Structure formats: structure tokens, C-alpha cells
Undergrad: 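Dropping a structure here in C-alpha cells format, bear with me for questions.
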Number of protein chains: 2
Amino acid sequence: MKKSKRKLFHDFIARKGLKSTRQRDIVLDGFLSSDAHMSIEELYLKLRARHPNIGYATVYRTLKLFSESGIAREIHFGDGQTRYEHVAEGEHHDHLLCTRCGEVMEFSNEAIEKLQDEIAESHGYLVHTHKLELYGICPKCRK
Amino acid sequence: MKKSKRKLFHDFIARKGLKSTRQRDIVLDGFLSSDAHMSIEELYLKLRARHPNIGYATVYRTLKLFSESGIAREIHFGDGQTRYEHVAEGEHHDHLLCTRCGEVMEFSNEAIEKLQDEIAESHGYLVHTHKLELYGICPKCRK
DNA sequence: TTTGCTATTGAAAATCACTTTCATCAATGT
DNA sequence: ACATTGATGAAAGTGATTTTCAATAGCAAA
């Protein structure tokens with residue numbers, strides 16, 4: 001059975017000798033209950049609604065910690081903002097983005113992953129990460 | 001037969017009612033004779049060697065124009081810099097990047113393109129662009 | 001070619017999206 | 001409860017653009 005993100009993060013905090021704080025829990029709750037691709041600013045604004053005293057720097061630093069702990073991953077969609085997405089143990093996915101309404105959808109495809117490895121190998125590369133984004137118009141916007 | 005980038009750009013300038021200037025030609029020559037993935041700063045420094053008076057803003061603005069005119073395309077490799085690559089009529093390629101030495105290699109693969117379209121379609125999306133980057137260690141660095 | 005209108009240029013100031021600093025607080029071990 | 005040390009929020013600092021603005025330089029009409 002898989003451990004909850006909350007537990008994973010608290011374990012990370014303990015392992016690193018860091019402290020468990022009220023603010024970190026607030027950011028964690030906010031992140032876990034949010035849409036998958038939030039920017040620092042977006043999460044900061046969302047949290048500010050309930051916790052007017054939380055600082056941007058705290059959200060920023062905590063999100064970095066999430067990423068270090070493995071429960072989140074930084075992503076860049078070319079709009080100049082750093083976003084954080086949830087990481088599910090052993091899962092990988094790519095993105096399909098609507099350039100009209102901004103919707104982001106996730107997908108994963110074995111065949112593509114396999115092809116990528118083959119291509120890399122044929123060029124002598126040893127790949128450890130990749131990034132695949134498809135930009136287009138989503139079903140709703142097409143109508 | 002395909003038109004030269006130089007001609008394409010000059011046509012664009014004329015069509016838009018813009019002016020043909022010495023500086024734009026300097027930036028154009030510099031861009032056309034350069035490696036495929038230059039950042040604004042890199043091109044600016046290269047041009048400064050021969051043309052000490054050219055301004056960063058001019059290089060910046062001209063590169064934007066190249067992109068608008070279709071002879072160049074902006075790309076982001078996640079290093080926080082905007083780079084510009086040459087666009088060849090009707091050609092598309094993806095990138096293989098070495099995370100050790102920074103080398104960038106281009107490749108293209110029909111099968112992957114096809115799979116991407118199929119995936120997008122199966123989600124109801126109409127794709128117009130995509131971005132595929134494979135990060136790994138290049139042959140030279142593996143040795 | 002001279003003129004007049006408008007686009008372009010280079011330098012500097014302004015933005016943006018982080019990142020870091022620092023004085024003050026708050027967890028945690030004893 | 002105390003001391004120690006990491007955490008926080010506000011503000012200052014960065015790096016990479018992006019925009020502003022006064023001075024120029026194309027271009028076309030005369």
C-alpha cells in the first residue's frame with residue numbers, strides 16, 4: 001500500500017532534521033487539495049484567503065521542499081512561471097495543453113516512452129528525463 | 001525551390017511596412033551564421049565583437065521579429081534563457097540535450113509525431129504544436 | 001535632394017518571477 | 001522552562017527580459 005503524501009513529507013522533514021511547522025502544514029494542505037499545476041503565486045493567493053499572514057517566501061520555500069522530498073515536481077510550460085505538480089509513486093505522465101482556455105490534461109503512453117528511449121539510444125544518449133507537451137485546442141474550445 | 005531566410009525576412013519587413021536597417025541586417029547575418037540555439041545574450045556578445053555600437057535591445061527586438069516572420073522560433077530549455085532556433089520550411093524536429101556538457105542535438109521521428117497526433121485525437125484535442133525534449137548524457141560524456 | 005513623417009536605435013529605467021538576506025519567532029531536545 | 005537552531009515574513013537583491021524615451025535614420029512625396 002502506498003504512503004500518503006502527507007506522511008512522506010513529514011518523514012522527509014524528520015529525516016532531514018527540519019522542523020514541522022504550522023505554515024508547512026498549511027502549504028501542504030493547500031497543495032494537496034489543489035489542481036495539479038499550480039504556480040507559486042497561485043498557491044500563495046489561494047492560501048492568503050484563509051491565512052492572511054503567510055508569506056510568499058514561505059510558500060516558495062515549502063514548494064521547493066516538496067519537490068526535494070519527492071511529493072511534487074517543478075514544471076515549466078513556457079509561460080515564464082514555475083509550476084508544481086503532484087508526483088505519484090512510479091508514475092509518469094506528459095501534458096496536453098489547450099492554448100485557448102489554458103486547460104492542462106495529463107496522459108501517459110507506453111509506446112511513446114519506448115520510442116523515445118530507442119531514439120536516444122540510437123544517438124548514443126543515456127536518457128534520464130524527458131518532457132513532452134502537446135499544445136492544441138481542447139474539445140470544449142473546439143465546439 | 002525554397003526562398004532564402006534573408007529574402008523571407010525582407011519580404012516580411014516590407015509587408016509589415018517596417019524599415020530595413022543596417023542593424024537588422026547585422027543581426028540577421030549573425031543569426032544565420034550561428035549555431036542553432038543561441039540566446040539573446042550570446043548573439044549580442046557575438047555581434048558586439050564586430051559592431052561595438054549595437055544595443056542589446058536591438059538584438060532582442062530583432063530576434064522577436066525573426067520569430068514573428070517565421071524564420072526563427074523561440075525555445076526554452078529550462079535554463080531560464082530564451083533561445084532562438086532556425087526554422088526550416090516544413091521541417092520539424094525535437095531535441096536531445098546532454099545535461100553534463102550542455103550539447104544540444106536535433107532529431108526527428110515520424111513514428112513519434114504520428115503517435116502524438118493519435119493520442120491528442122483520442123482526447124479530443126486538435127494539436128498545432130508540440131515540444132519533446134530528451135535529457136540525458138551524450139556519447140562523449142558517457143565515456 | 002530636401003523635407004516631413006514615422007519607424008528604429010541605444011541607453012537606461014522598469015518589470016517579472018523568483019531568490020536571498022536578516023531580525024524576530026517558534027520548534028524541539030534536555 | 002531553557003537554550004539551541006531552524007523557520008518565517010518583509011524587504012532587498014538577481015537575472016533575464018521588456019519598455020520607455022530622446023535622438024536618429026529610413027522612405028516617399030515634392
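Everything quoted here is computed from the prediction, not taken from an experiment. Chain identifiers are assigned alphabetically (A, B, ...) following the order of the sequence lines, protein sequences preceding nucleic acid strands; residue numbering begins at 1 within each chain.
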Undergrad: When all nucleic acid strands are considered with a 4.0 Å heavy-atom cut-off, which category describes A:Gln81: base, sugar-phosphate, or nothing?
TA: sugar-phosphate
Undergrad: For a salt bridge (charged side-chain N to carboxylate O under 4.0 Å, His left out) check, start with the C-alpha distance between B:Asp11 and B:Lys7, then their side-chain angles and the critical distance, and finish with the verdict.
TA: CA-CA 6 Å; B:Asp11 287 355; B:Lys7 173 112 175 47; 2.9 Å; yes
Undergrad: Between A:Thr82 and C:dC18, is there a contact of a side-chain N or O with OP1 or OP2 at under 4.0 Å?
TA: yes
Undergrad: What integer distance in Å separates A:Lys19:NZ from D:dT4:P?
TA: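 One finds 13 Å between P of D:dT4 and NZ of A:Lys19, rounded.
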Undergrad: Within the 4.0 Å heavy-atom criterion, would you say B:Lys16 contacts the bases, only the backbone, or no part of the nucleic acid?
TA: nothing
Undergrad: Starting at CD1 of A:Ile13 and ending at P of D:dT8, how long is that distance when rounded to a whole Å?
TA: 9 Å
Undergrad: For the residue pair A:Phe9 and A:Phe12, categorise the inter-ring angle as parallel (less than 30°), tilted (30 to 60°) or perpendicular (more than 60°).
TA: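 Parallel.
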Undergrad: Measuring to OP1 and OP2 of D:dT17, would you say a side-chain N or O of B:Lys64 lies under 4.0 angstrom away?
TA: no
Undergrad: Taking CG from A:Asn53 and P from C:dT24, how many angstroms apart are they, rounded to a whole number?
TA: 18 Å
Undergrad: Would you mind reading off the distance between A:Glu42 atom CD and C:dA17 atom P, rounded to a whole angstrom?
TA: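 In whole Å, C:dA17 P and A:Glu42 CD are 11 Å from each other.
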Undergrad: Using a cut-off of 4.0 Å on non-hydrogen atoms, how would the nucleic acid contact of A:Ser39 be classed: base, sugar-phosphate, or nothing?
TA: nothing
Undergrad: To the side chain of B:Arg24, which of C:dT19, C:dT8, D:dT18 is closest?
TA: C:dT8
Undergrad: Can you tell me which nucleotide in D:dT18, C:dA27, C:dC18 comes closest to the side chain of B:Tyr60?
TA: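 Nearest nucleotide to the side chain: D:dT18.
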Undergrad: Would you please classify the geometry between the B:Phe107 ring and the A:His123 ring as parallel, tilted or perpendicular, with 30° and 60° separating the classes?
TA: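 Plane angle between 30° and 60°, so tilted.
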Undergrad: Between B:Tyr60 and B:Tyr56, how do the two ring planes meet: parallel, tilted or perpendicular, split at 30° and 60°?
TA: parallel
Undergrad: Whole angstroms only, please: what is the CG-C1' distance between B:Leu63 and D:dT19?
TA: 17 Å
Undergrad: Pick the closest DNA chain D nucleotide for B:Ala57 and for B:Arg22 by heavy atoms, then say which residue is nearer the 5' end.
TA: B:Ala57
Undergrad: Are A:Thr58 and D:dG9 close enough that a side-chain N or O sits under 4.0 Å from OP1 or OP2?
TA: yes
Undergrad: Can we call the ring centroids of B:Phe31 and B:His86 under 6.0 Å apart?
TA: yes
Undergrad: Take B:Ser20 and B:His76, find for each the nucleotide of DNA chain D with the closest heavy atom, and name the residue whose nucleotide sits nearer the 5' end.
TA: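 It is B:His76, whose closest nucleotide lies nearer the 5' terminus.
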Undergrad: Please state how far atom CG in A:Leu65 lies from atom C1' in D:dA7, giving the value in whole angstrom units.
TA: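 The distance from CG of A:Leu65 to C1' of D:dA7 comes to 10 Å, rounded to the nearest Å.
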Undergrad: Between atom CZ in A:Phe12 and atom C1' in D:dG6, what is the gap in whole Å?
TA: 14 Å
Undergrad: It should be established whether A:Gln23 places a side-chain nitrogen or oxygen under 4.0 Å from OP1 or OP2 of nucleotide D:dG9.
TA: yes
Undergrad: Nearest-Å distance, CG (A:Asp79) to C1' (C:dC16)?
TA: 12 Å
Undergrad: Is the base of C:dG10 touched by the side chain of B:Arg61 through a donor-acceptor pair closer than 3.5 angstrom?
TA: yes
